[in-house]
Peer 1: 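The structure under discussion is supplied below as structure tokens; questions concerning it will follow.
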Amino acid sequence: MLQIKNLTKVYPDGTVALKNVSFEVPDGEFLIVIGLSGSGKSTLLRCINRLINPTEGEIIWNGIDLSKLEGEDLRKARRKIGMIFQNFNLVKRSSVFSNVMSGRLGYSRTIPSMFGQFSKDDIEMGRKVVERLGITSQMHKRADELSGGQQQRVGIARALMQEPELILADEPVASLDPVLAHSILKTLETLNQEDGLTVICSLHYLDLVQRYGTSVVGLREGEVVYRGSREDVRKMTDEQFKEIYGAEAERVGASIEGSVKG
Amino acid sequence: MQSRKVISKPQKESLVSPVIAAILSAIIPGLGQILARVVNRGLIILASFVTSLGLLIWRIATEGSRYTGWRTVVSKAYKLNPFLYAITALMVITYIYGIVDAYLTARPGAKKSKAIGMIFLIILVFFMQGWEIGQIDMGALFRDADEAVPALSKVVWPWEKAISYPEEYRTTIIDVQTPCTDVPFPAGEIKTDEPYLIADPTCGVPSVVEVSQGTEFHVVGGNFVPGKPVEFWWKDSANREFHHRVDGDYLIVTPDKDGSFEVSVIMPYRTLTAAAEEGVKVWQIQARQLISVGKAEFSEELKLAVEKMIETIFIGMMATFFGIILAIPVSFIAARNLMSHSPVTMAIYYLVRTILNIIRSIEPLIWAIIAVIVVGLGPFAGILALTLHSLAALAKLYSEAIESIDSGQIEAIQATGANWFQVVSHAVIPQIIPPFVSFTIYRWDINIRMSTVIGFVGGGGIGYLLAQWIRILDYRSAGIAVWFIAITVAILDFVSADIRERFV
């Protein structure tokens, strides 16, 4: 169970990114955060694993307030939270496998890991994860030689190496075409359903939200403006969607989803 | 076209009438345009006019500096340097064009005309002034070209000097008697396998200063080495050897293709002791020829050039090493993204950046002169100078590489629960290694190039030799040095480009 309580983030330049945000995420949920660019989605996700320090509020996860952790305790908590990024954030010049293995850094001894040395068990685990994500043949390539979809698979593999209980996905499909978007989200869905991982994912398109989300949080200017269950989301109309997104919202993925299914 | 209309700003109305604008521009060039609300154009015209007028006055004053009275100065200056007429004429055209332009721009509802004509004229004025100040004289390229050819051809193909033969003087002699007696003195004989001299007559008397000329001997030589110069010496009755001179110059004869020559020598004047002068004595005429003996070997110049080239490469290499070692720590405090936490670190950042910029803006040659003052002539001075410059250049490039790090990659590694050391080793270093390697090799390349010339100011290496050889007009040896520099730099260019391609 993840509980966000009265979370507020004010940046040093005075921008209020989050205003008193509160919601709960039961374990095993596929929570989708929707909202315009600048509505605070990224800030929210980064507050959870403390890449950004919140100004006020609590983030209670498994009974621990993440917002108060420091040093070793914070790193131990981070290990259990995998993160996937819009721009993949792979170390471009390193090999795919070394990118995957970097997910294991939190569990490894400092000195050997600095020189790329990992335990046999970790390497074995890396092989399995790479195989599971279907990127074995790319293992020894440089990360930036891969296509966008494959790079995101490497990103997911890196997160899985952390043996996470929670996955934060910051617009994981925004840089991908709709076909690849479905493919990546299905991977996340599998992890959610088969491995029981909690997923918090920010997305833009209503179609994808309806297809994958088990619950939804809508953000607008740093405030929660919508909270809905799977059923609510299914019934969500374009009008409600536009309330969150403003008038420019569009449905994009519908036809593509059809083609994928067909 | 329509979109263009939408974008263009509405025309600002002129503050003055066209005539007033023209008159103002006639008084102060550019003022009319400024008041016609094309301020930038007006300011450019004004600044250009003031500058070029200042330059013109300076040139007139310099040309006519030997005269007094400004009228004389001006007329003499134009007479001495007719090019000034062209410049002045062009400036007048520009001035009038400026007045017309002010009139046209200030017309109510006038379309904003393009300033291209004006800018072209201004550039032309400066171009001509540059031509005049730079004393550009294309004729000089061809006028004395003939004289440069021998020197240049030696530089272009210097390899004759790369090989030398051990040489020594071979002396061939013929005795003559002084004075003549009734008994004929034997003449030399023609030999078949070694050089010989025959003198005719076989006896004579030395010259006496301001009284009489000595006997003129007709000397025939044979079996000498063709084409190699022969010097003539005397050995007098006191066994002293000395050069034969004709009007103060040494007599030098070059044998023909058969190794023969004929020459006339007048027996010179000598002050002799009584013992050497009295009675019948024998003098000797010597023909000395420098001939090759033994096998060919590499010349001293070539060996020296090789040694100094090695020294040069190592000067560049050591300077690069020291530069890297010093630049890495400095680059971190010169990286804005690492120093932007507090005002104190920002102050350090600005201070370091300023110092680096100052060091970098002073050429290595100047640093070498300073280093020579401190540590004396030699390679160490060169290493110091290049190290300093490399430090500044590399620290700047390194710090820019650090500044351009993708924070997303750092974020991603942090998110895995990695500690500080792991973040540095997995997210920072992989990102900065390629640019570091690339910049370093580039710098090494520059340092080797610079080390070839740093010797010109006493910083050691091949430049030192090259400068010396040029000064003593030994163009062949200088050519060898130039060739070595060119070959080394070309190889390094190729190697460094290759390495950089692999890393980047």
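Every chain is numbered from 1, with letters handed out A, B, ... down the list of sequences.
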Peer 1: Would one find more than 12 heavy atoms of other residues, nucleotides or ligands at under 6.0 Å from atom NZ of A:Lys68?
Peer 2: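 Yes, because the 6.0 Å sphere around NZ of A:Lys68 holds more than 12 heavy atoms from other groups.
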Peer 1: Counting only heavy atoms not in A:Glu56, do more than 12 fall under 6.0 Å of its CD?
Peer 2: no
Peer 1: Please check if the number of heavy atoms outside A:Tyr11 that lie under 6.0 Å from its OH is greater than 12.
Peer 2: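 Enclosed: over 12 neighbouring heavy atoms sit under 6.0 Å from OH of A:Tyr11.
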Peer 1: Quick one: what part of A:Lys92 sits under 4.5 Å from any heavy atom of chain B, side chain, backbone, both or neither?
Peer 2: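 Its backbone and side chain both get close to chain B.
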Peer 1: For A:Asn49 and B:Ala415, work out which heavy atoms get closest and say how close.
Peer 2: ND2-CB, 3.7 Å
Peer 1: From B:Gln409 CD over to A:Phe85 CZ, what is the distance, rounded to the nearest 0.5 angstrom?
Peer 2: 10.5 Å
Peer 1: What part of A:Leu90 gets within 4.5 angstrom of chain B, counting heavy atoms only: side chain, backbone, both, or neither?
Peer 2: backbone
Peer 1: Taking the side chain as every heavy atom from C-beta outward, state whether B:His426 and A:Leu105 have any pair of such atoms under 4.5 Å apart.
Peer 2: yes
Peer 1: Please check if atom OH in B:Tyr442 has more than 12 non-hydrogen atoms from other residues, nucleotides or ligands closer than 6.0 Å.
Peer 2: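 Counting neighbours around OH of B:Tyr442, 12 or fewer heavy atoms of other residues, nucleotides or ligands fall under 6.0 Å, so no.
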Peer 1: Verify the distance criterion only: is there a donor paired with an acceptor across the side chains of B:Thr416 and A:Gln162 at less than 3.5 Å?
Peer 2: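 No, no side-chain donor-acceptor contact under 3.5 Å.
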Peer 1: For chain B, which candidate among A:Leu168, A:Val91, A:Asn87 shows the most heavy-atom pairs at distances under 4.5 Å?
Peer 2: A:Val91
Peer 1: Rounded to the nearest 0.5 Å, how far does CD of B:Gln422 lie from CZ of A:Arg109?
Peer 2: 11.5 Å
Peer 1: For the residue pair A:Arg93 and B:Gln431, establish whether any side-chain heavy-atom pair is separated by less than 4.5 Å.
Peer 2: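 A side-chain contact under 4.5 Å is absent here.
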Peer 1: With a 4.5 angstrom heavy-atom cut-off, could you sort out which part of A:Ser102 is near chain B: side chain, backbone, both or neither?
Peer 2: both
Peer 1: Taking atom CD as the centre, does A:Glu131 end up with more than 12 heavy-atom neighbours from other residues, nucleotides or ligands that are less than 6.0 angstrom away?
Peer 2: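 Not buried by this count: 12 neighbours or fewer within 6.0 Å.
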Peer 1: With a 4.5 angstrom heavy-atom cut-off, could you sort out which part of A:Arg104 is near chain B: side chain, backbone, both or neither?
Peer 2: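 Contact with chain B is absent: no heavy atom of A:Arg104 under 4.5 Å.
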Peer 1: Tell me, side chain or backbone of A:Met114 under 4.5 Å from chain B's heavy atoms, or both, or neither?
Peer 2: both
Peer 1: Against chain A, label B:Asn419 side chain, backbone, both or neither, depending on which of its atoms sit under 4.5 Å from a heavy atom there.
Peer 2: both
Peer 1: Using non-hydrogen atoms only, which part of A:Arg158 is less than 4.5 Å away from chain B: side chain, backbone, both, or neither?
Peer 2: side chain
Peer 1: Would you indicate whether B:Phe321, at its atom CZ, is surrounded by more than 12 heavy atoms from other residues, nucleotides or ligands within a distance under 6.0 Å?
Peer 2: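 Count not over threshold, so no.
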Peer 1: So which part of A:Leu51 gets closer than 4.5 Å to some heavy atom of chain B, the side chain, the backbone, both or neither?
Peer 2: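 Contact with chain B: side chain only.
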Peer 1: For each of B:Ser407, B:Pro430, B:Gly417, B:Ala418, tally heavy-atom pairs with chain A at distances under 4.5 Å, and name the one with the top tally.
Peer 2: B:Gly417
Peer 1: How about CZ on B:Phe380, more than 12 heavy atoms from neighbouring residues, nucleotides or ligands closer than 6.0 Å, or not?
Peer 2: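 Count not over threshold, so no.
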Peer 1: Can you find a pair of side-chain heavy atoms, one from B:Glu411 and one from A:Arg46, that are under 4.5 Å apart?
Peer 2: yes
